[in-house]
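Inspection log for the structure reproduced underneath, given as structure tokens.
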2 protein chains.
Amino acid sequence: MSTVLVVDDDPALVRALTINLRARGYQVHAAATGAGALQLAATDAPDAVVLDLGLPDMDGSDVIAGLRGWTDVPILVLSAREHSRQKVAALDAGADDYVVKPFGMEELLARLRAAIRRGTPTPAEPRITTEDFTIDLSAGRVTADGRDVKLTPTEWHLLEVLARHPGKVLDHGRLLTEVWGPAYREQTNYLRVYMATLRRKLEPDAAHPRHLLTEAGRGYRFEP
Amino acid sequence: MSTVLVVDDDPALVRALTINLRARGYQVHAAATGAGALQLAATDAPDAVVLDLGLPDMDGSDVIAGLRGWTDVPILVLSAREHSRQKVAALDAGADDYVVKPFGMEELLARLRAAIRRGTPTPAEPRITTEDFTIDLSAGRVTADGRDVKLTPTEWHLLEVLARHPGKVLDHGRLLTEVWGPAYREQTNYLRVYMATLRRKLEPDAAHPRHLLTEAGRGYRFEP
DNA sequence: GTGCGTTGCCAAGGCAGCGTCAAGATCCGG
DNA sequence: CCGGATCTTGACGCTGCCTTGGCAACGCAC
């Protein structure tokens with residue numbers, strides 16, 4: 001999960017932000033001064049920084065410059081002042097976004113999500129590995145001991161749906177609807193045929209599958 | 001020089017933005033509808049998009065989704081409405097920034113600079129080599145054993161799109177929208193024709209391609 | 001053990017998708 | 001206005017995928 005560095009000298013605001021961010025699954029570190037912020041940013045390598053411009057010890061632009069000297073971490077600036085000139089200065093100093101206080105928490109969180117999303121142009125390796133094969137969802141390929149496995153469109157589509165819900169049992173109706181469309185909800189034989197070919201192509205022993213499992217009477221499950 | 005696509009149905013605002021952006025050295029293209037915006041974005045490949053949410057023909061989120069389906073170009077959203085919920089929706093749909101009308105021109109320009117600065121963090125090696133040929137993306141040239149290979153504009157465009165996503169399967173719709181525009185999403189025969197000429201010009205054995213591969217039923221893939 | 005529903009497996013026919021070719025249509029420089 | 005390059009369009013086999021039906025194996029309830 002992502003780490004966020006919150007920099008503000010108002011303890012109440014820091015606490016409010018911390019609570020909201022933690023509730024969304026972020027890890028939060030806080031600093032009350034510009035010097036502390038630079039220090040923490042260097043040691044923690046956060047995924048985003050929320051920075052109040054009105055710090056007691058340093059000018060906001062200097063904090064931004066201090067960060068930008070060595071990192072491209074997204075910086076989201078908070079400020080009580082509406083002054084346009086200051087916004088321009090902060091953005092040109094290298095900030096990624098600017099939010100005026102008082103702000104809505106939902107908006108701040110959305111802007112933070114947008115900033116972090118941009119900050120990681122590698123949206124994580126969407127790659128799922130088992131002991132016997134590897135699925136690369138973004139590249140749309142499957143490899144088994146080094147070699148590319150050739151899958152037909154339908155085979156791939158079915159595998160993709162299963163792999164996106166690892167460990168979960170997906171019932172027939174759901175799989176059929178997602179792969180073939182709502183009109184095919186009753187054609188459970190399709191599933192039998194295609195699960196069979198997937199097992200033949202991916203499982204070491206198709207007769208005793210280890211990853212493409214049947215949950216009798218309920219559906220199928222993918223186990224990494 | 002950066003190109004900016006301005007999307008707004010208010011001619012006065014479009015003119016004001018155009019004048020200001022041109023004065024700063026940007027190249028400006030404009031659209032008044034969502035459909036026009038998607039079309040222009042596909043053909044012009046702008047470096048940033050300024051998008052008004054209140055378009056006559058499409059919902060703003062749909063325009064964002066239509067762009068995000070195939071490009072990471074920075075999107076800066078304009079809206080008259082202050083509603084927080086709409087901001088959140090636009091940002092989560094993939095927008096990079098959100099500015100409430102009326103806005104200060106200086107602030108808008110600063111945010112635009114920040115967005116474009118973020119959007120081009122890849123000076124990177126714009127050169128891709130395979131065993132049989134080399135693609136120089138920045139120079140727009142391809143060489144096969146020392147000699148320049150002559151490509152027509154369309155051939156080059158198609159090769160470029162494939163080469164920018166090495167190893168990934170790109171489906172027909174995506175390739176067609178990027179090379180020919182959204183209106184050609186169904187013309188899969190274009191792909192067949194141009195993949196054939198690319199193979200003839202680049203592959204040692206066009207009948208058994210090693211780098212320009214077809215993923216039957218799903219799309220094409222470039223393998224370095 | 002028996003009966004029933006569910007699942008795995010196989011093979012054959014129809015057909016969609018792909019590669020290929022060639023003939024207009026269009027664009028562009030001279 | 002002409003000639004060549006480029007793009008568009010249609011047609012035609014062919015490969016291989018999807019569909020379909022039938023049958024055997026299996027597990028579970030009785």
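Protein chains get the first letters and strands the later ones, always in sequence-line order, with residue 1 at the start of each.
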d(CD, A/Gln187; C1', C/dG8) in whole Å
17 Å
Without decimals, in angstroms, what is the distance between A/Glu155 CD and D/dC17 C1'?
9 Å
Thinking salt bridges, do A/Glu106 and A/Arg24 make one under a 4.0 Å N-O criterion?
yes
Nearest heavy-atom neighbours spanning B/Glu223 and A/Arg141
OE1-NH1, 3.4 Å
Say whether B/Thr214 and B/Arg199, considering side chains only, have a donor N or O and an acceptor N or O under 3.5 Å apart.
no
Below 4.0 angstrom, N of the basic side chain to O of the carboxylate: do B/Lys101 and B/Asp8 qualify?
yes
Taking all non-hydrogen atoms of both residues into account, name the closest pair between B/Asp47 and B/Ile116 and its distance.
O-CG1, 4.1 Å
Rounded to the nearest Å, what distance is computed from the CG atom of residue B/Leu191 to the C1' atom of nucleotide C/dC18?
11 Å
Are any of the side-chain nitrogens in B/Arg117 or A/Asp96 under 4.0 Å away from the carboxylate oxygens of its partner?
no
Rounded to whole angstroms, how far apart are CG on A/Leu176 and C1' on C/dT7?
14 Å
Can you label the angle between the A/Phe133 ring and the A/His211 ring as parallel, tilted or perpendicular, going by 30° and 60°?
perpendicular
Heteroatom pairs (N/O) under 3.5 angstrom, protein to nucleotides 11-16 of chain D:
none

Under a 4.0 Å heavy-atom cut-off, which of residues 196-224 of chain B touch DNA chain C?
B/Arg199, B/Arg200, B/Thr214, B/Ala216, B/Gly217, B/Tyr220
Set out, in order, the CA-CA distance, both residues' side-chain angles and the distance that settles side chain to side chain contact (heavy atoms under 4.5 Å, CB included) for B/Thr152 and B/Thr197, then state yes or no.
CA-CA 10 Å; B/Thr152 71; B/Thr197 72; over 6 Å; no
Just N and O in the side chain of B/Trp180: are any of them under 4.0 Å from OP1 or OP2 of D/dT8?
yes
Check ion pair A/Asp171-A/Arg218 (N to O, under 4.0 angstrom)
no
Assign each of B/Tyr190 and B/Leu151 to its nearest nucleotide of DNA chain D by heavy atoms, then name whichever residue's nucleotide is nearer the 5' end.
B/Leu151
Euclidean distance, atom CH2 of residue B/Trp156 to atom P of D/dT6 [Å, nearest integer]:
15 Å
Is any side-chain nitrogen or oxygen of A/His172 closer than 4.0 Å to OP1 or OP2 of C/dT7?
yes
Sorted by position of nearest nucleotide on DNA chain D, 5' first, the leading residue of B/Tyr184 and A/Val193 is B/Tyr184
Could you give the CG-to-P distance, from B/Leu158 to D/dT8, as a whole number of Å?
12 Å
